[in-house]
Amino acid sequence: MNRIESTFDKLKAEGRKGLVGYLTAGDPDVATSEARMRTALDHGVDILEVGVPFSDPTADGPTIQAASFRALQSGMDLPQTLALIARLRADYAEVPIVIFGYLNPFFAYGYERFCRDAAAAGADALLVVDLPYEESEELRQHMRPVGLEFIPLIAPTTPPQRAATLLADAGGFVYYIMVTGVTGTSAAEAGDVQTHVERLRRATSLPIAVGFGVDSGAQARAVGEAAEAVVVGSALINAAREDRLAALVDDLRGALG
Amino acid sequence: MKKSEPDDMGHFGIYGGRYVAETLMPVLKEVATAYEAAKQDPAFDAEFRRLLADYVGRPSPLYLAERLTESWGGAKIYLKREDLNHTGAHKVNNTLGQALLAKRMGKKRLMAETGAGQHGVATATVAALFGMECIVYMGEEDIRRQAPNVKRMELLGAEVVAVSSGTRTLKDAMSEALRAWVTLVESTFYVIGTVAGPHPYPAMVRDFQSVIGHETREQILAKEGRLPDLIVACVGGGSNAAGIFYPFMEDEDVALVGVEAGGYGLDSGQHAASIINGQVGVLHGTKTYVLQDAAGQIQNAHSISAGLDYPGVGPEHALWADLKRVRYCAITDDEALESFHELTTKEGIIPALESSHAVAEAKKRAAGMSADSVIVVNLSGRGDKDIDAVLEMTSSRTAEQPNYEVETGQI
């Protein structure tokens with residue numbers, strides 16, 4: 001059983017919702033971002049998404065754009081991100097780590113080498129924002145042999161039939177984007193989320209995580225009602241910059257059980 | 001070479017495709033399906049042709065530039081006068097086509113990115129024509145460089161959104177437009193201004209712009225009784241070049257040359273020559289040649305002309321480059337500026353700085369060709385928008401001149 005499966009099994013057994021936390025690697029520098037990731041994990045983040053900075057993050061709102069920019073300014077790159085993941089893995093043996101990023105840095109690194117190095121560093125899955133299912137086979141053929149999962153993104157605009165196709169070939173967990181928008185800018189209505197998640201549920205047995213626009217424990221509890229986990233990204237970055245990361249994770253953890 | 005058609009997913013060889021967030025995938029399929037249906041509909045084509053003729057003023061003339069021909073001393077130089085189109089550039093051919101498609105799809109609002117402002121103006125214009133709302137994303141630096149076009153868009157009723165991320169130019173305007181589209185996807189049609197972006201835009205924009213090449217073929221046959229030896233067009237994203245090249249793709253005797261922006265020179269690192277100096281990568285929804293560093297981070301482009309100031313290029317150009325059907329070269333800022341002045345003073349035609357790159361390359365090649373050979377230069381736009389910038393640059397260069405001469409003298 002892989003780390004993602006065992007994490008969700010454990011959450012289910014304990015009657016808790018999962019907390020998926022995103023932070024950009026290298027924001028504002030390697031050491032600070034690593035310390036923040038450790039804080040987030042120590043305060044109860046169940047699954048860590050490690051953001052790889054990219055110069056043109058077209059699906060991200062102002063917060064993650066700025067984080068990406070600061071990280072690149074500090075000289076952050078993919079090899080250092082993988083090294084950071086390896087250090088976290090050494091201390092957090094059971095926590096699933098998802099590499100979250102845009103395709104071009106992975107393409108430039110070379111898919112085969114990237115997948116091998118990512119798996120060796122201890123990553124469990126990849127989430128590539130600008131790589132839709134139809135273009136993903138070239139990367140996935142290098143993910144399979146090293147056991148990396150490809151996390152599918154499903155949007156409110158994804159028609160049911162398309163969702164079924166995407167989910168039939170998915171692993172790890174499903175990331176349901178709750179709003180038509182970029183990261184960190186707007187919140188979803190809990191009722192709408194529930195309707196969509198229940199529809200997805202009929203097409204997959206994978207755990208479902210919901211994300212985009214979650215910034216408090218109360219909100220996480222509301223939108224997370226129908227799902228197995230809630231993803232929080234921009235709010236963690238904002239909190240970290242205001243020295244209240246631990247407090248926010250505690251709040252989210254408290255709300256999600 | 002056979003004309004290249006993309007596969008169902010928009011691939012031109014290894015290039016093109018759709019590299020966007022999942023949220024946009026359904027709408028891209030919707031646009032592609034609607035476009036395929038429109039292509040088969042004679043009524044759509046008839047409406048497009050009618051507006052190209054009566055509203056844009058097509059066909060644009062193919063003009064024999066006799067003074068240039070005489071002064072360059074070689075091939076006959078013809079200028080395809082896209083600068084005479086309504087709104088002053090080739091851009092309106094495409095925005096008209098896309099707005100008709102948007103109308104057909106029942107969309108009430110258009111959005112666009114713009115560099116030089118020509119595409120923004122052309123989009124705002126057709127939005128006014130069809131009674132649609134319009135939002136244009138434009139980098140702050142370009143807003144400064146192209147102030148008259150900002151005023152025009154606002155007069156036409158468009159909302160111009162200043163983009164302050166990155167280099168504040170076309171790349172960042174397109175990134176911001178893609179972000180905005182994710183939010184506005186239900187209500188808004190994204191009018192991409194060049195043959196880049198996710199499928200179906202590269203093929204669709206090329207098709208709408210192909211009117212340039214079809215007319216050129218008829219006009220040169222009427223005037224010269226044969227096809228040209230060489231066609232030259234500037235390439236930023238590459239829409240005017242694709243439009244004039246594509247109908248000649250199977251005419252192997254017609255040489256096709258795309259001119260990228262060489263900026264301060266290819267060795268300077270300050271240019272926008274994505275094909276010549278870039279590597280294969282993924283940017284703004286498509287796989288193509290991209291200016292990037294070894295880590296895959298997109299680099300900043302530089303060009304004197306805002307319309308060429310982009311670190312990527314249309315995926316079909318990438319394929320044409322690999323197949324060597326089109327040859328690509330670069331013209332520097334200084335060379336383009338010189339040609340801007342030359343065309344203005346010798347022919348009384350003030351060209352866009354973008355088009356001045358094509359003029360400069362034609363000059364280099366004309367002298368080596370015989371007097372009975374024929375070059376067509378795609379004069380993709382007029383230079384009214386560039387006048388302030390050109391005067392500023394010309395005066396600063398003149399001011400530097402004495403120092404430069406003194407230094408040269410000392411050597």
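All heavy atoms count here, side chains included; hydrogens, waters and symmetry mates do not. These figures come from a predicted structure and were not determined experimentally. Labels below follow one simple rule: chain letters A, B, ... track the order of the sequence lines, proteins then strands, and each chain is numbered from 1.
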Tell me, side chain or backbone of Glu176(B) under 4.5 Å from chain A's heavy atoms, or both, or neither?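 Only the side chain of Glu176(B) comes within 4.5 Å of chain A.
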Contacting moiety of Ala177(B), where chain A heavy atoms sit under 4.5 Å: neither
If you count every heavy atom of other residues, nucleotides or ligands that lies below 6.0 Å from [X] atom [atom1], does the total exceed 12?
X         : atom1 : result
Tyr111(A) : OH    : yes
Phe69(A)  : CZ    : no
Glu189(A) : CD    : no
Lys39(B)  : NZ    : yes
Glu137(A) : CD    : yes
Arg241(A) : CZ    : no

Would you please test Phe107(A) and Lys287(B) for side chain to side chain contact (heavy atoms under 4.5 Å, CB included) and show each step? CA-CA 10 Å; Phe107(A) 180 75; Lys287(B) 187 182 277 184; 3.8 Å; yes
What part of [X] gets closer than 4.5 Å to chain B, counting heavy atoms only: side chain, backbone, both or neither?
X         : result
Ile154(A) : backbone
Leu103(A) : side chain
Leu153(A) : both

Passes side chain to side chain contact (heavy atoms under 4.5 Å, CB included), Arg162(A) versus Met25(B)? Steps please. CA-CA 10 Å; Arg162(A) 175 175 171 77; Met25(B) 286 300 283; 3.5 Å; yes
Side chain to side chain donor-acceptor pair (under 3.5 Å) evaluation trace for Glu135(A) with His11(B): CA-CA 10 Å; Glu135(A) 302 283 1; His11(B) 298 113; 3.0 Å; yes
Check for a donor-acceptor pair, side chain of Thr157(A) on one end and backbone N or O of Thr23(B) on the other, with a separation under 3.5 Å. yes
All salt bridge (Lys or Arg N to Asp or Glu O under 4.0 Å) counterparts of Arg109(B), not counting sequence neighbours: Glu133(B)
Heavy atoms only: give me the nearest Ala108(A)-Ala295(B) pair and the separation to one decimal. CB-C, 4.0 Å
Interatomic spacing from [atom1] in [X] to [atom2] in [Y] - rounded to 0.5 Å:
X         : Y         : atom1 : atom2 : answer
Asn104(A) : Gln297(B) : CG    : CD    : 8.0 Å
Asp77(A)  : Asp293(B) : CG    : CG    : 9.0 Å
Ile14(B)  : Glu138(A) : CD1   : CD    : 8.5 Å

Residue pairs fulfilling ring-ring contact (aromatic ring centres under 6.0 Å, His included) with at least one residue in residues 194-214 of chain A, sequence neighbours excluded: Tyr176(A)-His196(A)
Check: residues 49-59 of chain A side-chain donor-acceptor pairs under 3.5 Å, at least two apart:
{"residue": "Ser55(A)", "atom": "OG", "partner": "Ile298(B)", "partner atom": "N", "Å": "2.8"}
{"residue": "Asp56(A)", "atom": "OD1", "partner": "Lys171(B)", "partner atom": "NZ", "Å": "3.1"}
{"residue": "Asp56(A)", "atom": "OD2", "partner": "Lys171(B)", "partner atom": "NZ", "Å": "2.9"}
{"residue": "Asp56(A)", "atom": "OD2", "partner": "Ser175(B)", "partner atom": "OG", "Å": "3.4"}

Count the heavy-atom pairs under 4.5 Å between each of Arg179(B), Lys29(B), Glu22(B) and chain A, then report the option with the highest count. Arg179(B)
Which of residues 273-281 of chain B have a heavy atom under 4.5 Å from any heavy atom of chain A?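 Val280(B), Gly281(B) fall under the 4.5 Å cut-off.
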Cut-off 3.5 Å, side chains only: do Thr180(A) and Glu186(B) have a donor facing an acceptor?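 Not at all, the side chains of Thr180(A) and Glu186(B) share no donor-acceptor pair under 3.5 Å.
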